[in-house]
Amino acid sequence: MDIFAKHAGLRASYDGLTATSPRNPFEVVIERPVSASVGIIEGRETLLFGTNNYLGLSQSKKAIEAAVETAETMGVGTTGSRIANGTFGLHRKLEARLAEFFRRKHCMVFSTGYQANLGTISALVNKDDVLLLDADSHASIYDGAKLSGAQVIRFRHNDPVDLEKRLARLKDHPGAKLIVAEGIYSMTGNVAPLDKFVDIKTRHGAYLMADEAHSFGVMGAHGRGVAEVQGCEDGIDFVVGTFSKSLGTVGGYCVTDHDGVDLMRLCSRPYMFTASLPPEIIAATMAALEDMQEHPELRTKLRDNAARLHSGLQKAGLKTGEHVSPVVAVTLETVDQAVAFWNALLENGVYVNLSLPPATPDNRPLLRCSVMAAHSPEEIDHAVTVFAEVARYFGL
């Protein structure tokens with residue numbers, strides 16, 4: 001039997017998509033960045049509105065210099081996991097800085113943001129426990145749930161009433177109950193009511209983990225995320241996030257005040273069996289964190305830019321989410337429509353993410369934009385103009 005036979009349905013969908021599209025939307029190559037907001041795609045300068053580079057720090061001069069200097073003095077890799085030979089002094093230094101930044105006692109650093117969710121969830125719960133997941137949770141959260149073996153109960157997206165109803169049914173369950181929600185949801189830009197979830201978990205004796213991947217560095221007076229904005233940080237048991245968005249590098253973290261973190265280091269398989277982050281990445285991440293803290297005006301600019309793009313797309317008659325955040329998604333009705341729209345945007349110098357079912361929350365395709373502090377008002381207005389012209393061309 002052909003080992004790929006199980007993917008026949010996926011092959012048919014993929015072949016159908018690529019047959020009707022002039023380019024493969026999953027293989028776009030950014031030949032080189034010109035700046036944080038402009039890259040060369042297909043030989044043309046293209047506005048980048050699909051990179052998650054919220055603060056533009058992938059191009060931080062301080063981070064680049066730190067990476068070069070560290071690579072020259074410490075090499076380019078650790079060749080081992082954190083529990084073998086892969087813990088350098090820099091790893092501990094970054095963990096201490098992140099713990100201080102989040103005002104927490106402990107921090108674990110993972111090699112990717114995906115592994116931060118995978119490793120944290122699978123270390124915290126097992127088959128005797130219950131996970132309550134927002135229905136729109138990221139794939140890494142669902143994969144962490146599978147690895148943990150815990151019972152999974154989904155509650156309606158951003159719905160505190162539904163969460164409480166489901167928790168109430170578990171009052172006699174002997175195991176631990178862990179609620180997982182995201183600060184900003186990566187597909188739609190929706191913001192979670194974490195403060196309401198804190199109230200619910202407190203009443204029902206549960207734990208709460210917040211994935212602030214898309215809100216770390218973006219929201220809050222200090223950039224600590226949605227929990228900071230909503231004044232409920234002390235009620236969040238575990239905060240997980242990534243460096244690959246606002247800090248522009250790669251890696252992930254979990255911060256907490258619970259003292260069991262040292263045990264997590266010994267039972268989190270994604271932490272135990274993956275080579276640790278290279279020293280130059282750690283150095284660049286610490287430098288980007290300093291840049292973020294030293295320039296709070298980046299968050300102000302980002303919020304202004306997000307509002308400008310959100311309102312501009314709405315005025316153009318396009319359907320966006322209700323929340324204003326650095327993720328602005330335009331919802332379309334059919335895959336063919338979305339693919340044609342996405343191609344037209346790229347041909348007119350605007351790159352966004354094409355998100356297709358079943359990866360989208362309500363099985364409708366999305367044109368997902370991510371805004372940067374590095375975008376100029378003129379760049380945002382130009383992107384809106386291109387969106388509007390393409391929408392008119394397709395009769396939307």
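A quick note: this is a predicted structure, and the numbers were derived from the prediction, not measured. Side-chain atoms are counted along with the backbone in the values below, which use heavy atoms only and exclude waters and symmetry mates. We count residues from 1, following the sequence as given.
Between atom CZ of residue Phe155 and atom CZ of residue Phe197 there is a gap of 4.5 Å, rounded to the nearest 0.5 Å. In this structure, Leu309 CG and Gln314 CD are separated by 10.0 Å, a value rounded to the nearest 0.5 Å. With rounding to the nearest 0.5 Å, the separation of CG in Leu332 from OG in Ser355 is 11.0 Å. In this structure, Thr20 OG1 and Asn343 CG are separated by 8.5 Å, a value rounded to the nearest 0.5 Å. Rounding to the nearest 0.5 Å gives a distance of 5.0 Å between OH of Tyr271 and CE of Met108. A distance of 9.0 Å separates CD of Glu347 from CH2 of Trp342, quoted to the nearest 0.5 Å.
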Query - Asp262 vs His106, side chain to side chain contact (heavy atoms under 4.5 Å, CB included): CA-CA, chis, key distance, verdict - result: CA-CA 9 Å; Asp262 287 342; His106 308 289; 5.8 Å; no
Query raised in the report: So Arg265 and Glu95, salt bridge (charged side-chain N to carboxylate O under 4.0 Å, His left out) or not? Walk me through it.
Result: CA-CA 13 Å; Arg265 294 183 192 273; Glu95 287 176 333; 3.3 Å; yes
Requested in this report: Show your working on side chain to side chain contact (heavy atoms under 4.5 Å, CB included) between Tyr14 and Asn24 and close with a plain yes or no.
Outcome: CA-CA 9 Å; Tyr14 180 76; Asn24 188 331; 2.6 Å; yes
Requested in this report: Give the intermediate values and the outcome of salt bridge (charged side-chain N to carboxylate O under 4.0 Å, His left out) for residues Asp291 and Lys61.
Outcome: CA-CA 9 Å; Asp291 248 358; Lys61 184 178 179 182; over 6 Å; no
**Report entry** Worked verdict on Leu17 versus Leu356 for side chain to side chain contact (heavy atoms under 4.5 Å, CB included)
**Finding:** CA-CA 11 Å; Leu17 175 65; Leu356 301 177; 3.9 Å; yes
Query raised in the report: Are Lys201 and Lys177 close enough, and set up right, to give a side chain to side chain contact (heavy atoms under 4.5 Å, CB included), and what steps lead you there?
Result: CA-CA 9 Å; Lys201 75 102 186 182; Lys177 296 175 279 289; over 6 Å; no
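The same ILVMFWY cluster, assembled from side-chain heavy atoms under 4.5 Å apart, contains both Val152 and Tyr207. Hydrophobic clustering (side-chain heavy atoms under 4.5 Å, transitive across Ile, Leu, Val, Met, Phe, Trp, Tyr) keeps Ile281 apart from Val68. Transitive grouping of hydrophobic side chains (ILVMFWY, heavy atoms separated by less than 4.5 Å) keeps Val125 and Ile179 in distinct clusters. There is a path of hydrophobic side-chain contacts, each under 4.5 Å, that joins Met372 to Leu47.
With hydrogens and angles disregarded, no donor-acceptor distance shorter than 3.5 Å links the side chain of Asn348 to the backbone of Val386. Side-chain atoms of His91 come within 3.5 Å of backbone atoms of Leu277 as a donor-acceptor pair (strictly under, hydrogens ignored). Between the Glu31 side chain and the Glu42 main chain, a donor and an acceptor come within less than 3.5 Å of each other. Between the Thr73 side chain and the Thr70 main chain, a donor and an acceptor come within less than 3.5 Å of each other.
Atom CD of Glu100 sits in a sparse spot, with 12 or fewer heavy atoms from other residues, nucleotides or ligands closer than 6.0 Å. Annotation: Arg44, atom CZ; neighbour count of heavy atoms from other residues, nucleotides and ligands within 6.0 Å is above 12.
At a cut-off of 3.5 Å, with distance as the only test, a side-chain donor of Tyr54 or His214 sits close to an acceptor on the other residue. With hydrogens and angles left out, the side-chain atoms of Thr87 and Arg82 include a donor and acceptor closer than 3.5 Å. Side-chain contact, Asn158 with Asn190: no donor N or O sits under 3.5 Å from an acceptor N or O. Under 3.5 Å, the side chains of Ser111 and Thr274 contain no donor-acceptor pair of N or O atoms. The closest side-chain donor-acceptor pair between Arg368 and Asn52 falls under 3.5 angstrom.
Between Asp162 and Glu164 the shortest side-chain heavy-atom distance does not fall below 4.5 Å. The closest side-chain heavy-atom distance from Ile380 to Phe49 is below 4.5 Å. Side chains of Leu178 and Asp129 form no contact here, defined as non-hydrogen atoms less than 4.5 Å apart. The shortest distance between side-chain heavy atoms of Ile236 and Arg104 falls below 4.5 Å. For the pair Leu208/Ile200, no side-chain contact is recorded, criterion being any heavy-atom separation below 4.5 Å from C-beta on. At least one side-chain heavy atom of Val191 sits under 4.5 Å from a side-chain heavy atom of Gln230.
Ser148 approaches Ala145 most closely through the heavy-atom pair OG-O, 2.7 Å. Nearest heavy-atom pair, Met264 versus Cys254, reported as atom, atom and distance to 0.1 Å: CE-SG, 4.4 Å. Annotation for Ser276 and Thr78: closest pair OG-OG1, 2.7 Å, computed over non-hydrogen atoms. Nearest heavy atoms, Asn53 versus Ala36: ND2-CB, 3.9 Å. Pairing each heavy atom of Leu48 with each of His375, the nearest pair is O-NE2, 2.8 Å.
Side-chain rings of His323 and Tyr185 stay apart, their centers remaining 6.0 Å or farther from each other. With ring centers used as reference points, Phe216 lies 6.0 Å or more from Phe243.
Between Arg308 and Asp304 there is no salt bridge, since none of the side-chain N atoms of the basic residue sits less than 4.0 Å from a carboxylate O of the acidic one.
Among Glu233, Glu212, Glu182, the single residue meeting the side-chain contact (heavy atoms from CB on, under 4.5 Å) criterion with Leu194 is Glu212.
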